Amino acid sequence: MLVIIQPNKDLASLQAAKLVAAHVRRKPNSVLGLSTGNTPLGTYTELIRMHREEGLDFSSVTTFNLDEYFGLSREHTQSFYTHIHKNFLDHVNVRPDRAHIPNGESRDVDETCSRYEAAIVEAGGIDLQILGIGRTGHIGFNEPTSSLASRTRLKTLSDETISDNSKISGEIPEVAITMGIGTILEAKKILLLAFGGAKANAVARAIEGPISSSCSASALQMHRDVRFILDEEAATELRHRSYYDRVVAQTMKYAPELLGGTND
Ligand code: PGA
């Protein structure tokens, strides 16, 4: 696990974008796991800039979104379908038939969820999964007490999540289709981004707390290739902060590619 703390969210987003871009350049047919919410927006903006100005090519990339509200049409302004198109997919050259988002209007949820899992396997598995974290410690919509082995399924949102997400986008459904924790843990690499003081407690529980379904992000401690990219505020409750900084300094010296390249 690498815990990378940047002075602010803009620098953190740039670093995340560098890591994603390096992955896509190394493996043009990468399978990317995308998340929505506010946190990855700066990363998507930088990836769009790299696509426009530096020729970063997504034409062979496949994407799978983490989750989608249940009961909203794709065109609904609050759907994650709309969110990811508006903020990323409409501005890069991912082929529409390779961009996967759970169907929030499905009439057969079990079938939709198992087909989503099968499509991930058919694509070769997720190479790089981008994640945010909720105040509850959720990844995707895996709210506290979600099974650490869970797969894509319908989940009821917690009170905190409904309150946080309604502040961003108005009234939202109380249920969503989400990849499970077991699904997420199968991604080959994971990048979790967290910004702001409201996330500090969840971040500390995820990185330093016991592995527990009370904080679904703590399951990432079992993953062998995960990077947390934080701003200063999200890092304030970490007890081993100075150690993480030393690890990053040594990594920059001996294996800068693990951090997205040199810090120029
Ligand atoms: P946010 O949501 O990026 O809007 O804070 C993150 C999450 O709930 O996973």
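None of these values were measured; they are calculated from a predicted model. Heavy-atom basis, side chains included; hydrogens, waters and symmetry copies ignored.
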If we only count heavy atoms from C-beta on, is the [X] to [Y] side-chain gap below 4.5 Å?
X      : Y      : answer
Thr43  : Leu14  : no
Ile133 : Leu192 : yes
Glu68  : Asn103 : no
Leu238 : Ile207 : yes
Phe88  : Ile48  : yes
Arg52  : His91  : yes
Val92  : Leu47  : no
Leu34  : Tyr44  : yes

In Å, rounded to the nearest 0.5 Å, how long is the span from [atom1] of [X] to [atom2] of [Y]?
X      : Y      : atom1 : atom2 : answer
Leu89  : Asn65  : CG    : CG    : 7.0 Å
Glu257 : Lys18  : CD    : NZ    : 13.0 Å
Ile229 : Leu11  : CD1   : CG    : 11.5 Å
Lys188 : Leu128 : NZ    : CG    : 10.5 Å
Ile84  : Thr36  : CD1   : OG1   : 6.5 Å
Leu154 : Asp67  : CG    : CG    : 12.0 Å

Is the backbone of [Y] close enough, under 3.5 Å, to the side chain of [X] for a donor and an acceptor to pair up by distance?
X      : Y      : result
Ser150 : Ile181 : yes
His223 : Ala187 : yes
Arg227 : Leu258 : yes
Tyr116 : His100 : yes
Arg115 : Asp110 : no
Asn29  : Ser60  : no
Arg153 : Arg151 : yes
Thr63  : Gly33  : no
Gln78  : Glu171 : yes
Ser13  : Lys9   : yes

For [X], does the [atom1] atom sit with more than 12 other heavy atoms under 6.0 Å from it, leaving out its own atoms?
X      : atom1 : answer
Asp97  : CG    : yes
Gln250 : CD    : yes
Lys27  : NZ    : yes

Worksheet entry | Presence of salt bridge, Lys199 and Glu233, under 4.0 angstrom |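 No, this pair does not count.
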Fill in: Salt bridge present between Lys155 and Glu174 (N-O < 4.0 angstrom)
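No salt bridge links Lys155 with Glu174.
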Discussion item. Test of understanding: clusters of I, L, V, M, F, W, Y form through side-chain heavy atoms closer than 4.5 Å, transitively. Do Leu72 and Ile177 belong to the same one?
Written reply: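 Hydrophobic grouping puts Leu72 apart from Ile177.
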Practice prompt. Give the intermediate values and the outcome of side-chain contact (heavy atoms from CB on, under 4.5 Å) for residues Arg241 and Glu232.
Written response: CA-CA 10 Å; Arg241 162 71 199 261; Glu232 282 291 346; 2.9 Å; yes
Practice prompt. Before giving the answer on side-chain contact (heavy atoms from CB on, under 4.5 Å), spell out for Ile172 and Leu157 the whole-Å C-alpha distance, their side-chain angles and the decisive distance to 0.1 Å.
Written response: CA-CA 10 Å; Ile172 51 159; Leu157 310 189; 4.1 Å; yes
Worksheet item: Could you go step by step and tell me if Glu143 and Thr136 meet the side chain to side chain donor-acceptor pair (under 3.5 Å) rule?
Response: CA-CA 7 Å; Glu143 300 292 15; Thr136 60; 3.1 Å; yes
Fill in: Candidate list Thr161, Asp164, Asn201, test side-chain hydrogen bond (donor to acceptor under 3.5 Å, both in side chains), partner Arg135, passing option
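Only one option passes, and that is Asp164.
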Discussion item. One pair to check against side-chain contact (heavy atoms from CB on, under 4.5 Å): Gln15 and Gln6. What are the steps and the verdict?
Written reply: CA-CA 9 Å; Gln15 182 161 27; Gln6 290 284 4; 2.5 Å; yes
Worksheet item: Testing Ile120, Thr152, Leu32 for side-chain contact (heavy atoms from CB on, under 4.5 Å) with Phe64, which one passes?
Response: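 So the option named by the test is Ile120.
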Fill in: Qualifying residue, where the test is side-chain contact (heavy atoms from CB on, under 4.5 Å) with Thr178 and the options are Thr183, Ile139, Asn142
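Running side-chain contact (heavy atoms from CB on, under 4.5 Å) over Thr183, Ile139, Asn142 with Thr178 returns exactly one hit, Asn142.
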Worksheet item: Between Phe141 and His138, is the gap from one ring center to the other below 6.0 Å?
Response: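 Centroid distance Phe141-His138: below 6.0 Å, so yes.
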Item to complete: Flag the pair Tyr81 / Tyr69 as yes when their ring centroid distance falls below 6.0 Å, and as no otherwise.
Response: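 Ring-ring flag for Tyr81/Tyr69: false, centres at least 6.0 Å apart.
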Item to complete: Would you sort out whether Gln129 and Met179 count as a side-chain contact (heavy atoms from CB on, under 4.5 Å), showing the intermediate values?
Response: CA-CA 11 Å; Gln129 175 68 55; Met179 281 186 205; 3.9 Å; yes
Worksheet item: Could you go step by step and tell me if Asp108 and Ser106 meet the side chain to side chain donor-acceptor pair (under 3.5 Å) rule?
Response: CA-CA 5 Å; Asp108 185 343; Ser106 165; 5.8 Å; no
